[in-house]
> 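Dropping the structure in here first, questions after.
Note on naming: letters A, B, ... go to the chains in the order of the sequence lines (proteins, then strands), and numbering restarts at 1 for each one.
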Amino acid sequence: MEPRYEPKQIEEKIYELWLKSKYFNPDKLPQAKNKKAKNYIVYMPLPNVTGTLHMGHVLDNTLQDILIRFYRLLGYKTLWLPGTDHAGIATQYVVEKELKKQGLSRFDLGREKFIEKVWEWKEKYGTIILDQLKKLGCLPDWSRNRFTMDSAYAQDVINAFINYYKQGLIYQDIKTVNWCPRCHTSLSDLELEYKEENANLYYIKYDNDVIVATTRPETMLGDTAVAVNSKDERYKHLIGKTINLPLTERNIPIIADKKIDPSFGTGMVKVTPAHDLLDFEIAKRHDLETIQVIDDFGRMNENAKEFAGLKTLEAREKIVQKLQSENLIIKIEPYNHRISTCYRCGTNIEPIPSKQWFLKMNDLAKKAILAVKNKKVKIIPKNFEKIYFNWLENILDWTLSRQIWWGHRLPVYYCQINKEKYIVSEKQPTKCPFCKNCKMIQSEDVLDTWFSSALWPFAGLSKSDLKKYYPGNTLITARDILNLWVTRMIFSGIEFMGKPPFKNVFIHGTILTKDGQRMSKSKGTGIDPLIYINQYGADATRFGIIWQAFGQDIRWDENAVVAGSKFANKIWNAARFIYYKLDKKILKTKHNKPKPKTKDDKNILTQLNQTKKNISKNLNDFKFSRALKEIYDFFWHKFCDIYIEKSKKQIDDPKLNQNTQKILIYVLIESLKMIHPFMPFVTEAIYQKFNNKKLLLIENWN
RNA sequence: GGGCGUUUAGCUCAGUUGGUUAGAGCGUCCGCUUCACACGCGGAAGGUCCCCUGUUCAAAUCAGGGAACGCCCACCA
């Protein structure tokens, strides 16, 4: 053994050993023969095929790997199901960015060619993260790896859609929805991000008595009413009157609605049902007309008359100028507010009316709420349950359809003659039931990518696996996708499998930079974890991240990785001491629990026992950092600093020599087992020096 | 506007049900190349536990109030 632990030379070989063993597959484990062996199942949060490993993946997957390795040692049949997500908008966006470098848009290529490009991208980059996970030492069941667009998976997606449709939960409607003019698609409420914007609040005189305040004057061309609060004494006399909408020939009514806040602006609000979600609601209540003035690409349309063709911001300027020339702008005051943007490309969202498919959420939400209330699913830490309930209790119907090209197309087929007529069908219909003649055309829309990822816990498993490996035990993920993904998996699982897909949801922290900023590629604050893996080794990197992962926010500190590499070296050297100090006979015999002969013997064996218990308890409670500190403290300060030092003298004593050797090797092997889930490479490498007949991977915890 | 979280050593963080001199890693200082490890060993310095008030024999810990920072949610145009 070298005096220094060199991870680079060892990690790859060790990983090969594990791969060869096939022990990542629960059916190939020694305990698979034991009918009483229980399952421990973790479904990996699907990495997107867009990118590369980041610190969040490192944390997320290390935690999962720890659990799987720990429960495998305990004798469970462990399944860690890996896969990748086609990640609709996200992947489409990165491929579009690639195309843009050549001056092309997806529309230049057309749908088929573009999708070919995306598949090329997927083939090229789809496995990068999975390969990186191998470097990290993560060992999911590679034999069961899935992609969310595999044909079996796609079939489950279609089945799910049809199932919901048959129950009457899916419907088509025209609503004002969140629209990304760049991605050219609708978005669900969860797919928005908010940005602070320094804007202006324009006070516009619509009539001598009617002054409205707005941040978006350009939408006024689509106004179909002015609204006041029905209790607002100032304006009671105006309700029911009709005024002329400036810059147009149209007359619009003044209406009363409870949602109007009398204290904002003048207390009078322009109502633009086509371009504001609240206004759309108000219009529904008052049966107002919807006039669209902004098109899919964020430009003014023909309804905007002389302003047609202008981008919204240009139109805003022009319209304000014109209003000013007519003395209709009373004042302009600076106003900060939050605007919604597309969570993938950052473009400002434009609410526009659009025909989309929706999933009724009421009943599904109730089931998901109940699952947590009845403790069928536990969310840890518990305060996240509030976020979960809050979202579900105020839920709106889910906009399922997207107008992008990369994804699962809706199993909806339209008649070519009567284009409003459609059927929902698993396969391309042979005959159109409406005109009896045409070849029906499949909907151009694809499903929200989260609709398919919501099915992951069962769509990722084969039929025979479903019986064995559903539901799972634990889901580990970050808080930002709790509702986007976890909640939807829960109600999908209940809906299609009759049971929630897992019992525990553990939400870990978010990794920030040392000065508390969010890590992000665009800000340049992201750190590539491979730097640490290459410099310090995978074990040290894992150690570093778990060491810090106590709370919800983790300010990344490289020093923890340094501590990890020192610890790996310490373990290596303690083993090296024992390896060279002990009689070869004792090394090779089975290491049964020895009896203590001295006070120091007794202490170390007691402490070992206690540490083992503490680790089990902490891992059971998802207190990973705590467990790591336990074993760190035991191994370094109790075993190395005290016992190994004392053992040097005991070995010199003929009466104690043999027994002390037995204790040394026993405590070492037991420690390797405890450290293994956290630092799998160095522990397995050492174990192989002592016993190359078996893998530490499948040792017995007790 | 609602909800949540954080605030402890120079830095990153522990501190479980209130109980001796408040801990770890990294850093700093001093000593040591001792035959597992200098990525080491032995030792040391370093804290108004954010502030105020209260409960208590006893508060980093509990209660009330406040401040700073951060996050999430919401249809104030």
> Looking for any heavy atom pair under 4.0 Å, which part of the strands does A:Val562 touch: base, sugar-phosphate only, or nothing?
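Here A:Val562 touches no strand at all.
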> First and last nucleotide of RNA chain B touching chain A, 5' to 3', heavy-atom cut-off 4.0 Å?
B:G3 to B:A77
> Expressed in whole Å, how much space separates the P atoms belonging to B:G66 and B:C4?
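Taking atom P in both B:G66 and B:C4, they lie 15 Å apart.
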> What distance, rounded to whole Å, do you find between the two P atoms, one in B:G27 and one in B:G15?
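Pairwise P distance, B:G27 against B:G15, rounds to 23 Å.
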> Strictly by modelled atom types, are A:His275 and A:Glu350 linked by a side-chain donor-acceptor pair under 3.5 Å?
no
> Using a heavy-atom cut-off of 4.0 Å across all strands, would you classify A:Asn559 as base, sugar-phosphate, or nothing?
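Touches sugar-phosphate only.
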> Heavy atoms under 4.0 Å, any strand shown: does A:Lys386 hit a base, just sugar-phosphate, or nothing?
sugar-phosphate
> Would you mind classifying the nucleic acid contact of A:Glu558 as base, sugar-phosphate or nothing, using non-hydrogen atoms under 4.0 angstrom?
nothing
> I'd like to know if A:Lys617 pairs up with A:Asp621 as an ion pair, taking the criterion as any Lys NZ or Arg NE/NH1/NH2 lying under 4.0 Å from an Asp or Glu carboxylate oxygen.
yes
> Identify whether any heavy atom of A:Ala574 sits under 4.0 Å from a base atom; if not, whether one sits that close to sugar-phosphate; answer base, sugar-phosphate or nothing.
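Base contact.
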> Go ahead and write out RNA chain B as dot-bracket, 5' to 3': ( ) for pairs within the strand, [ ] for ones crossing earlier pairs, | when the partner sits on another strand, dots for unpaired; Watson-Crick or G-U wobble, both distances under 3.5 Å.
(((((((..((((.....[...)))).(((((.......))))).....(((((..]....))))))))))))....
> Reckon A:His637 touches a base, only the sugar-phosphate, or nothing at all at heavy-atom distances under 4.0 Å?
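Here A:His637 touches the backbone only, sparing every base.
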> Between A:Glu333 and A:Lys331 (salt bridge meaning N to carboxylate O under 4.0 Å), is one present in this structure?
yes
> With a non-hydrogen cut-off below 4.0 angstrom, is A:Tyr335 in contact with a base, only sugar-phosphate, or nothing?
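Result for A:Tyr335 = sugar-phosphate.
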> Evaluate the ring planes of A:Phe639 and A:Phe635, with Trp represented by its six-membered ring, and classify them as parallel (under 30°), tilted (30 to 60°) or perpendicular (over 60°).
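Geometry flag for A:Phe635 against A:Phe639: tilted rings.
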> Heavy atoms under 4.0 Å, any strand shown: does A:Asp276 hit a base, just sugar-phosphate, or nothing?
nothing
> Students often get this wrong, so: under 4.0 angstrom with heavy atoms, is A:Arg4 touching a base, only sugar-phosphate, or nothing?
base
> Just by modelled atom types, is the A:Ile282 backbone N or O under 3.5 Å from a matching donor or acceptor in the A:Asp257 side chain?
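It does not hold such a pair.
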> Is the closest side-chain donor-acceptor distance between A:Lys270 and A:Thr219 under 3.5 Å?
yes
> Name the nucleic acid region contacted by A:Lys648, choosing base, sugar-phosphate or nothing; use a 4.0 angstrom heavy-atom cut-off, strictly under.
base
> Classify A:Phe280 by what it touches in the nucleic acid, base, sugar-phosphate, or nothing, heavy-atom distance under 4.0 Å.
nothing
> Which part of the nucleic acid, if any, lies within contact of A:Gln548, taking any heavy atom under 4.0 Å across all strands shown: a base, the sugar-phosphate backbone alone, or nothing?
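Since only primed, P, OP1 and OP2 atoms lie under 4.0 Å of A:Gln548, the category is sugar-phosphate.
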> May I ask you to say whether A:Lys612 pairs ionically with A:Glu670, meaning some side-chain N is under 4.0 Å from a carboxylate O?
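Answer for the salt bridge query: yes.
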> Tell me what A:Lys581 touches on the nucleic acid: a base, only sugar-phosphate, or nothing, going by heavy atoms under 4.0 Å.
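Contact class for A:Lys581: none.
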> How is A:Trp556 classified with respect to the nucleic acid when contacts are heavy atoms under 4.0 Å: base, sugar-phosphate, or nothing?
nothing
> Residues two or more places apart in sequence or in another chain: which of them pass side chain to side chain contact (heavy atoms under 4.5 Å, CB included) with A:Leu512?
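Here the qualifying residues are A:Thr510, A:Asp553.
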> Specify whether A:Phe491 and A:Trp398 have parallel, tilted or perpendicular ring planes, treating 30° as the upper limit for parallel and 60° as the lower limit for perpendicular.
perpendicular
> Taking the same atom, P, in B:U21 and in B:C39, what whole-Å distance lies between them?
38 Å
> Is the shortest side-chain N to carboxylate O distance from A:Glu2 to A:Arg4 below 4.0 Å?
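Salt bridge between A:Glu2 and A:Arg4, a charged N being under 4.0 Å from a carboxylate O: no.
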